[in-house]
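Here is the structure we will look at.
Every chain is numbered from 1 and lettered A, B, ... according to where its sequence line falls, protein lines coming before strand lines. Just so it is clear, the values below take in all heavy atoms, side chains as well, and ignore hydrogens, waters and symmetry mates.
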Amino acid sequence: MANITLTLPDGAKREYPAGITGAEVAADISKSLGKAALACEINGKFSDLSIPIEQDSDFRLFTIKDEEQALELIRHDAAHIMARAVQEIWPDVKVTIGPVIKNGWYYDFDRAEPFTPEDLTLIEKKMREIINKREPVRTEVWDRNRAIQFYKDNNEPYKVELIEAIPGDEDLRMYWHGNWQDLCRGPHLAHTGQVPADAFKLMSVAGAYWRGDSNNAMLQRIYGVAFRNKQDLKAHLHMLEEAEKRDHRKLGKTMDLFHIQEEAPGMVFWHPNGWTVYRVLQDYMRRRQIADGYLEINTPEVVDRKLWEASGHWDKYRENMFITEIDEEHANEKRVNALKPMNCPCHVQVYNQGLKSYRDLPLRLAEFGSCHRYESSGSMHGLMRVRGFTQDDAHIFCTEDQIAGETKKFIELLSSVYKDLGFEDFEIKFSTRPEVRAGSDEVWDQAEAALENAIKALDLPYEIDPGEGAFYGPKLDFKLTDAIGREWQLGTLQADFVLPGRLEAEYIGEDGQKHTPVMLHRATLGSFERFLGVLIENYAGKFPLWLAPRQVVVASIVSDADGWVAEVVERLRAKGIRAEADTRNEKINYKVREHSMAKVPVILAIGMKEVEDKTVSMRRLGDKGSKVLGIDEVVAELVAEATPPDLRD
RNA sequence: GCUGCCGUAGCUCAGGGGUAGAGCACUCCCUUGGUAAGGGAGAGGCCGGGAGUUCAAAUCUCCCCGGCAGCACCA
């Protein structure tokens, strides 16, 4: 038999007979490595240790220390082991697929009865048994027909469907975890015992459509998380607890920001505190937009269906619109109106008043536009997905040549705004032409190039989402990652070559002829509701002073200090600080605790000492101690800090 | 919309076929106390809505509404 040469990552070369497996190589290098090896890489291909190596190759082994590969393997094998456990407990359950996802995996099952939380415990126990058996994982390549027949014989219709959907007649790889078999691309660990028995946990069960299609049967999906060791699992579970604490719905209650109630699902009742943050944010955005050449307008919320028919929304979007009914007795004519689901058609109406010249372009019309969309019941989520919301919307009417410049200008505005609001990094997704679309390929070429060049010119990283653009044009979506790693789509910029023509927007060009402008739909925050949700979670409710709904509480320590308390509050309020007095008959400990839990950033405590010296004892949220300062000093410091970032010197 | 779970006082939750409980919050009283809960008393609920089963329903069943997790959706 011929020999082959394996080149290790450090450059060392080793010679072995062809057909040797990764496992054998590992054992040959050292006994301990033979045990520790989880999988390998052969010429850059992630592979099982059991695969024979036939040619000279670059070769690398992975152990538990290689985090990325180890986690991938552990989670993937955990998915198989879970499926095996489920079928060992309930042999009639049909298996489908079970991929690795962030932090863990899921596996979809078809079973008539729902899995209960007790079932999850049962499955976990069975999984540990399987892990402790340390049974080998082996693999074989089967031809397609054999695999199909096998699954037919075993009454696994989903697997049959999966194989039939795989194009061509490529061979299929089968894996066995002990005696339990699954179709899988691999790679896998060498034996079940390599999954750490104390570092995984089954988290939840939920419905999921077979192949992600709502026309298909609903399966039961079990989610699990897995890590390399117990500590990492613990850390992850702890992180989830922390995330729960900063849930904006929870903080919305404890900080008395807003509520939502049955009579208006998906619509927000803003309380004084929440509305203060909302207003501060809106005022800030207004200043930023005016500074950037936007003209603010305001348009109707209830508009005749005729306009929606013209814009195309009536046709394509009607079931998501709130349609208004008018009491016929009092209406002089029967009209059907709809609450606007978006502002664009209204903005075109404003544009269409008066003849426009190319000299008017780009025309940037902005509106804090209140929109309503009848979102499906299951999709609503606190402030993040609502039925009534206000966009920081604007439409830029421009020529095709101006798209690139306007895009660049917008991204600069957006970056600066996000930074002011505490987000240093954001992701850009560039969505290109979908299959079904309006407009010629030339126009799409130009529009895509314009958007892409603008991002490139700013030297920002971005990802391409092919085919995910709107039917009327390509778009850029801006996503923020909050403090706990969740992604939210907020800002957007969409080029539109369709609506202006449909609603007969035009301008007179240099050539004296009528032209149709391009329309850029853009929003920086997206909607105030969602952005505030993200903002609350990102700051965990501890807003910087300028955004905090309640900025300063001046608390008396003894009643004899009440006079000075009132005076200090007045001094701060005179400078525009949101200050309030707390002269209740309570101990200072009690007051500090209460206002700290309400996330008031600054507490000024006042006892007789402060009264005599005309000072205050300032305590910052989160700090242990306090410091005594002169009143002028404190006012100056707080005023500077409470100034919105765009107004600072 | 779909699957599963949930809905009890303002909030967080316990209870569970015989007509309701705790802590915090609230009101009043005592206490004036130096930086994350001083003490006492009181008030507060058709147990999400409707129907059914039952001598009896907050509790069991069904329907509806709303919420949560996930899926689907997000022009």
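A cation-pi arrangement is absent between A:R249 and A:F258 under the rule of less than 6.0 angstrom and at most 45 degrees off the ring axis. Under a cutoff of 6.0 Å and an axis angle of 45°, A:K479 and A:W488 do not form a cation-pi pair.
Contact of A:Q261 with B:G67 (side chain to base): no donor-acceptor pair of N or O atoms is detected under 3.5 Å.
Applying a 4.0 Å cut-off to non-hydrogen atoms, none of the residues of residues 106-113 of chain A approaches RNA chain B.
A:E118 places its CD atom 16 Å from the P atom of B:G4, with the value rounded to the nearest Å.
Residues A:D247 and A:K245 are not paired through a salt bridge, judged by the lack of any N-O separation under 4.0 Å between the basic side chain and the carboxylate.
Heavy atoms of A:R387 sit nowhere under 4.0 angstrom from any nucleic acid atom. Across all strands, A:K591 comes closer than 4.0 Å to no nucleic acid atom at all (heavy-atom distances). Contacts of A:E319 with the nucleic acid, taken as non-hydrogen atoms under 4.0 Å apart, are absent. Residue A:M597 is in base contact, counting any heavy-atom pair closer than 4.0 Å across all strands shown.
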Secondary-structure string, 5' to 3', Watson-Crick or G-U under 3.5 Å, | for another-strand partners, for RNA chain B: (((((((..((((....[..)))).(((((.......))))).....(((((..]....))))))))))))....
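The listed nucleotides are B:A36, B:G34, B:G38; the one nearest the side chain of A:I557 is B:G34. Here B:U12 is the nucleotide among B:G4, B:U12, B:A36 with the atom lying nearest to any side-chain atom of A:K253.
Residue A:K587 places none of its side-chain N or O atoms closer than 4.0 Å to OP1 or OP2 of B:G39.
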Annotated protein contacts, base or backbone, on nucleotides 70-75 of chain B with a non-hydrogen cut-off under 4.0 Å, one of B, S, - each: BBBBBB
